[in-house]
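Heads up: the structure comes next, in structure tokens.
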Amino acid sequence: MKLGFYPGCSLEGASREYNESVMAIAEEMGIELVSIPDWNCCGATAAHNLDKELSLSLPARNLALAEEAGLTVLVVPCAACYSRFCATQHELMHDENLHKKINGIIEKEYKGNLRILNVIQFIDEFIIDKLDDKMKFEFNKKVACYYGCLLVRPNKVLDFDRTEDPQTMDVVMKKLGADSIDWAYKTECCGAGFSVSFTETVGRLSGQIVEDAEHRGAEAMIVACPMCHSNLDMRRPEINKYNKKKSDMPVIYITQAIGLALGIDRNKLGLQRHFVPVKLKDFKPYTKKTEVENPQKMEVE
Amino acid sequence: MSDSHNHLVDNSLSGKIKQNTGVSLSRCYQCGKCSAGCPVSSDMDFPPSLLIRKLQTGLPEHEEEVLRSKSIWYCLTCEMCISRCPMEVDIPPMMDYLRSESLRLKKANPAAKNIIRFHKAFLDSIEQTGRLYEMGLIVDYKARALNLTQDVALAPSMFAKGKLKIMPELIKNRKNIKQIFQKTINKKQK
Amino acid sequence: MSEFEPKIVAFVCNWCTYAGADLTGTSRIKYSSNVRIIRFPCTGRIDYMLLTKAFASGADGIIVSGCHPNDCHYTSGNFHARRRWMVFRRLCDFMGIDTRRIIFSWVSAAEGAKWAQIVNSANEEFKKLGPYENYHKLSTQEIFE
Amino acid sequence: MARIGVFICHCGENISATVDCSKVAQVAATFPGVVHSVDYKYMCSDPGQTLVGNAIKEHNLTGVVVSACSPRMHEPTFRRACAEAGLNPYQCEMANLREHCSWVHERNEKTDDKAIDLVRMLVEKVKRNNSLQPIKVPVTKTALVIGGGVAGIQAALDIANAGHKVIMVEREPSIGGHMSQLSETFPTLDCSQCILTPRMVEVAQNPNIKLYTYAEIESVEGFVGNFTVKIRKKAKSIDESKCNGCGLCTTKCPNKKNPNEFELGMAKRPAIYVPFPQAVPNIPVIDKTQCTYYKTGKCKICEKVCQANAIQFDQQDEIIEVPVGAIAICTGFDIKKADFFPEYGYGKHKDIIDGLQFERLASASGPTAGEIRRPSDGQIPKKIVFVACAGSRDPAKGIEYCSKICCMYTAKHAILYKHKVHDGTAYIFYMDIRAAGKNYDEFTRRAIEEDDAKYIRGRVSKIYERDGKLIVVGADTLMGAQTVEIEADMVVLATAGVANQGAEKLAQILHVSYDQHKFFSEAHPKLKPVETNTAGIYLAGACQSPKDIPESVAAASGVAGKISCLFSNSELTREPLIAVVDRTAPPQYSSCTGCFMCQSVCPYNAIEREEINDRNGNLVKQLAFINPGLCQGCGTCVAVCKSKSIDIEGYTNLQMYSEVDALLNF
Ligand SMILES: Cc1cc2nc3c(=O)[nH]c(=O)nc-3n(C[C@H](O)[C@H](O)[C@H](O)COP(=O)(O)OP(=O)(O)OC[C@H]3O[C@@H](n4cnc5c(N)ncnc54)[C@H](O)[C@@H]3O)c2cc1C
Ligand SMILES: Cc1cc2nc3c(=O)[nH]c(=O)nc-3n(C[C@H](O)[C@H](O)[C@H](O)COP(=O)(O)OP(=O)(O)OC[C@H]3O[C@@H](n4cnc5c(N)ncnc54)[C@H](O)[C@@H]3O)c2cc1C
Ligand code: SF4
Ligand code: SF4
Ligand code: SF4
Ligand code: SF4
Ligand code: SF4
Ligand code: SF4
Ligand code: SF4
Ligand code: SF4
């Protein structure tokens with residue numbers, strides 16, 4: 001199976017391990033991820049902070065290129081890129097004049113036929129059902145699934161999981177055999193793009209997140225966004241300083257967690273690249289099927 | 001049977017916000033839920049709901065305070081406020097608009113210098129190469145911020161972990177990207 | 001010759017605008033005398049073909065007025081009137097009836113002054129449009145009966 | 001041949017100062033069909049009316065146009081005068097020469113012309129008036145009260161005490177409604193059950209009231225004065241005529257762990273149960289979804305212990321058909337549950353409760369015998385947070401209205417809490433304190449000043465649990481929107497009052513309208529607050545919008561008054577100005593094509609389907625039929641009927657076209 005893929009700048013740079021693990025599990029499941037030809041940066045926070053049209057044009061160019069390349073589904077692992085893409089799609093599809101204008105700026109035409117999936121949606125749709133057959137280990141750890149902001153908000157644009165107390169990632173982790181805890185900071189902001197400009201603020205925000213997860217007994221935090229990861233992992237010294245205690249709880253991507261359960265080599269998953277060492281071991285061999293119910297799907301919000 | 005009233009064009013800042021972003025600040029009934037949920041409201045000089053209140057009065061001195069505030073630069077666009085606001089007052093686009101106005105009128109708060117520098121360095125990197133060149137960005141930003149010591153410890157270990165590339169990645173159609181910049185942000189600022 | 005005086009027919013509902021026009025009287029507010037009021041139980045009762053009939057009878061302009069949107073004595077008659085007007089307007093365009101000559105308004109039983117103002121401004125409006133000779137000519141062929 | 005009389009009134013000088021009355025009379029005399037035309041100083045005076053009466057007799061008039069003041073003023077006067085002179089009152093019309101002419105124009109020729117036109121229009125109209133007879137409808141003097149909360153109880157007792165029969169239908173096993181769940185009531189803090197229970201007993205004992213509990217409305221047909229109602233009496237599995245209410249069955253039932261609805265899940269009850277000790281009637285029901293016998297076929301312990309042989313496992317639902325003349329809807333309201341709030345954990349935390357649960361905790365007969373204890377571990381909360389406007393005034397959550405009662409009951413809760421936990425602190429997050437009512441603001445001030453309730457103006461953004469405490473994160477907008485975090489032991493959400501479950505279905509059965517929140521709609525917000533748009537159906541209490549007890553009771557007495565008025569005559573008389581569908585001889589029967597456009601626009605559901613069958617019972621034609629009991633005469637149906645098959649008396653097509661036609665040469 002072939003699906004469109006937008007790595008985005010972080011996955012090519014500071015968050016290589018995320019890319020590596022996405023690729024590793026896709027390969028294991030027989031899915032080919034095809035990058036958009038000649039893709040460009042989505043503009044991230046900087047663009048929409050300074051100029052609205054720029055912030056729409058940069059993602060729109062990528063979307064148009066993807067469409068030109070005949071792709072219909074686009075997997076966007078970086079939550080920030082995912083959010084920019086969804087916002088662009090939403091705005092263009094709801095404002096005809098703006099749509100025309102942006103098409104003019106990028107000198108391409110985006111028709112709006114792409115389905116944009118974040119990594120959890122990708123897993124939910126293409127991977128979770130195949131896990132039973134391929135899993136070698138149980139991820140028998142207590143984990144805190146951290147969604148951050150961009151995966152779940154704003155929900156009128158994203159239409160993904162519920163905004164408060166989302167569950168999709170928890171369901172995946174439970175499927176892997178993990179005990180995913182109920183905690184308070186699931187969707188609080190980690191400081192996002194302020195890592196470099198307001199490092200202290202990031203230390204505080206990420207610090208509260210790490211503290212709550214650890215306080216409730218999590219052995220690892222599971223994330224699906226390179227920004228969350230770099231704030232929670234790379235900024236650990238600032239976090240520890242804010243919390244006035246040392247935490248060595250690792251932060252791993254959900255794709256890495258799946259990779260571990262599938263028995264993929266740790267280095268192939270990029271675990272060696274983390275700042276906080278990933279010491280998790282003693283995974284139980286996988287034996288029985290786990291049935292997991294998604295509480296979100298049982299409720300009407 | 002037309003039921004629309006003809007209002008004169010509203011030249012207040014909140015009027016401009018409404019025209020440019022569609023966000024109506026008069027819907028805000030000052031419940032404060034946004035401020036209570038905002039992760040950075042303690043860093044802000046005016047928490048989001050207070051910022052809106054200042055704009056609701058339409059008084060020039062209040063509008064001035066808003067454009068010169070730290071708040072608009074501290075906003076992380078985390079979307080917490082809008083996702084909980086009972087009146088669905090969409091604060092993040094309002095913040096975007098206020099930031100661009102503050103820049104345009106050269107009223108940006110000094111505390112925002114670093115953020116603006118960072119954003120500009122970031123966009124420069126994209127304009128040049130089509131993608132983000134993290135190494136270049138950090139060097140560029142540090143040079144702009146004249147803050148060469150912060151984070152220097154991080155860079156070598158990032159290298160060691162294979163997280164920083166020495167050379168930028170260049171996309172093929174860089175002309176297209178340049179055009180996009182020409183037609184949008186550069187048209188207004190430079 | 002003296003200045004052109006448009007002939008205006010007003011179709012009003014009993015509960016709001018008719019009563020409002022009564023109040024204009026009780027308050028002795030003057031307005032131009034070239035208007036003839038026809039009372040209906042509700043604007044919902046107004047069959048728009050009556051409007052064409054009025055033009056055929058020599059009217060140069062028409063006012064249709066009833067209760068404000070949520071004040072209809074019969075709760076929803078005025079909504080239906082409005083909805084049917086949307087359809088009728090297209091028919092007018094098709095038939096070549098000048099819809100500028102039909103003015104809609106809401107006048108409540110308390111809005112005596114507003115009624116006078118509506119009539120006066122309609123009068124000015126219709127004066128500008130001049131006599132509706134086209135229609136009077138058209139109608140002599142008795143296409144509506 | 002029409003013989004019309006025209007009477008031009010001077011109204012002293014009110015008309016004649018501006019309009020040349022004698023000239024108008026002279027011109028009118030020349031109109032085709034006019035046989036008599038005069039002017040007179042005061043038409044409405046006794047001599048004026050006599051003038052009209054005499055002219056009718058003398059000139060054998062078939063129609064009269066009184067050209068005077070507004071018909072809204074004197075139409076009844078002149079119609080009565082005509083009737084006295086032997087002319088059908090609906091053959092009298094008025095031309096409005098005062099309000100619409102003399103008072104609003106200058107004295108000149110154009111004004112005279114207008115007066116002449118107005119008279120001509122009405123002359124043309126009256127020529128085409130039909131002689132009509134007032135409509136008489138018989139009235140069944142029995143009222144149906146749906147819902148036995150405080151509103152229903154009040155309405156039923158008032159109607160019964162006026163000497164009329166009442167049938168009360170209550171969905172639950174007992175009457176009492178929400179008020180029976182309350183602890184003490186604002187603004188007086190009197191015990192809710194103490195004031196309500198006697199009224200409940202009165203209902204059961206009043207010989208004029210027939211009570212059906214555990215029953216619902218199946219269907220309603222007919223119209224004002226003449227409804228036929230089918231009631232489904234759900235099987236209680238108990239023979240009510242035998243049960244003496246001893247309660248032995250409920251104590252012996254081994255299946256005791258079912259959530260107790262009355263205690264909102266904070267206690268358990270057996271499968272055979274009486275909802276609460278003071279229930280009326282005091283007769284148990286078996287919960288078939290829980291009873292072991294119904295589930296497995298084994299048990300029947302209740303049957304064994306019942307000495308009255310009252311248990312009837314094979315009892316079936318019963319459908320009862322009753323004729324009633326009027327219906328009072330008193331089905332009350334409900335409140336949103338804590339799981340409605342994502343940001344407060346979707347009801348995950350046991351110690352985040354709603355207002356009604358707090359009422360039960362504070363009630364001496366409640367699960368904690370009136371002590372305030374946390375549901376999770378039974379501890380007494382030392383710090384309690386109340387959250388006002390939880391879900392109300394929140395368009396994002398779909399509820400933009402203010403629930404009206406929660407400000408008051410939250411203040412009450414804070415007072416009760418302080419009375420029970422002296423060393424405790426109550427915080428209240430609020431946006432506005434809405435306490436408009438007699439002694440209401442005094443009551444909330446008392447909570448603040450005497451019982452030390454700490455009001456914080458701002459909304460709560462998030463509540464989460466940590467180490468057994470609930471962390472409440474809100475803002476204080478009186479302190480520059482600063483964040484306030486309170487570590488609470490318990491949180492009470494003053495959740496929004498919403499329409500009762502099933503309200504929409506009931507509205508459809510009754511053909512009454514309801515708003516977008518499924519509250520029943522009154523006929524007019526100011527002048528008909530307890531009527532619905534359907535004649536003969538009324539509403540009272542919180543089924544209309546959230547209401548407190550005084551308002552619910554006031555509305556209920558209002559309904560009782562309305563129904564008693566209706567029942568004061570054995571026949572209803574109504575103005576005959578209603579719609580009719582034309583009927584012609586077979587095989588056409590009517591020009592109506594059966595499109596039922598008219599039905600879809602009628603605000604009163606007055607249009608029914610009439611089926612015409614041939615001798616073999618085969619359907620020949622469907623056509624519209626106007627129910628004269630329901631039609632209010634708006635005429636909307638007339639305007640939409642493409643085949644002009646409906647007409648409305650008083651404003652027929654012929655009349656209206658003639659009026660317009662009369663303008664031809666103006
Ligand atoms: C937490 C809380 C505290 C309150 N405290 C106070 C207070 O201190 N003072 C005060 O004045 N007010 C108070 N109120 C308000 C008070 O409860 C209401 O005003 C009152 O209960 C309204 O009475 P009602 O008869 O209209 O409705 P309800 O009490 O809701 O009664 C409706 C009845 O109709 C029945 N029913 C519903 N649907 C059907 C159907 N389809 N067929 C047959 N029967 C049906 C129901 O079972 C119920 O018995 C409080 C409310 C709440 C939520
Ligand atoms: C400024 C203002 C604006 C308002 N706006 C609204 C609004 O928009 N909507 C709304 O719903 N309500 C409004 N109200 C409230 C509304 O006016 C009252 O609810 C309403 O008038 C009350 O009617 P009533 O018949 O009880 O009393 P009143 O209107 O006061 O009538 C009492 C009558 O009794 C007569 N009377 C008094 N004493 C005696 C006596 N001893 N013997 C004989 N006759 C006596 C008085 O002369 C008077 O005619 C407003 C009130 C005010 C002050
Ligand atoms: S949450 Fe919304 S309504 Fe409340 S203060 Fe903030 S913007 Fe205003
Ligand atoms: S989007 Fe900005 S203002 Fe809104 S909660 Fe996040 S940081 Fe605060
Ligand atoms: S009938 Fe009317 S117009 Fe004539 S005197 Fe009486 S009040 Fe005046
Ligand atoms: S059913 Fe029998 S045992 Fe139960 S209360 Fe009635 S009489 Fe008593
Ligand atoms: S038969 Fe049912 S109700 Fe009776 S005692 Fe057994 S469980 Fe209880
Ligand atoms: S009554 Fe008070 S608490 Fe309830 S919705 Fe209205 S303002 Fe809010
Ligand atoms: S709209 Fe006219 S034709 Fe159609 S059903 Fe009604 S009466 Fe008959
Ligand atoms: S006149 Fe009005 S109320 Fe009567 S049947 Fe027609 S639409 Fe219904």
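No hydrogens, no waters, no symmetry mates; every other heavy atom, side chains included, goes into these values. Lettering of chains follows the sequences in order, A, B, ..., and the numbering in each one begins at 1.
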* To do: Sort out for me which of B:D43, B:I72, B:I82 touches chain A most, counting heavy-atom pairs under 4.5 Å.
  => B:D43

* Can A:R273 and A:E20 be counted as an ion pair, charged N to O under 4.0 angstrom? -> yes

* To do: Before accepting this row, confirm whether a basic side-chain N of the pair A:R153/A:E164 lies closer than 4.0 Å to the acidic partner's carboxylate O.
  => no

* **Per-residue contact mode, A:Q208 against chain B (heavy atom under 4.5 angstrom)** => neither

* Pick from A:A14, A:G104, A:C9, A:G191: which one has the most heavy-atom pairs with chain B under 4.5 Å? -> A:A14

* To do: May I ask you to decide whether A:E107 forms a salt bridge with A:R61, counting only side-chain N to carboxylate O separations under 4.0 Å?
  => no

* For B:I180, is it the side chain, the backbone, both, or neither that has a heavy atom closer than 4.5 Å to a heavy atom of chain A? -> both

* **Derivation and outcome, side-chain hydrogen bond (donor to acceptor under 3.5 Å, both in side chains), residues A:Q89 and A:Y110** => CA-CA 9 Å; A:Q89 172 123 326; A:Y110 176 52; 2.4 Å; yes

* In terms of heavy-atom proximity below 4.5 Å to chain B, should A:L205 be classed as side chain, backbone, both, or neither? -> side chain

* Asked: Is a donor on one side and an acceptor on the other found under 3.5 Å between the side chain of B:K54 and the backbone of B:H62?
  -> no

* **Which atom of A:I209 lies closest to which atom of A:E188, heavy atoms considered** => CD1-O, 3.9 Å

* **Per-residue contact mode, B:N173 against chain A (heavy atom under 4.5 angstrom)** => both

* Asked: Quick one: what part of B:Y97 sits under 4.5 Å from any heavy atom of chain A, side chain, backbone, both or neither?
  -> neither

* Test: B:E64 and B:R68 ion pair at under 4.0 Å -> yes

* Asked: Which region of B:T129, side chain (C-beta onward) or backbone (N, CA, C, O), has a non-hydrogen atom less than 4.5 Å from a non-hydrogen atom of chain A, or is it both or neither?
  -> neither

* Asked: Considering only heavy atoms, which portion of B:R174 lies under 4.5 Å from any heavy atom of chain A: side chain, backbone, both, or neither?
  -> neither

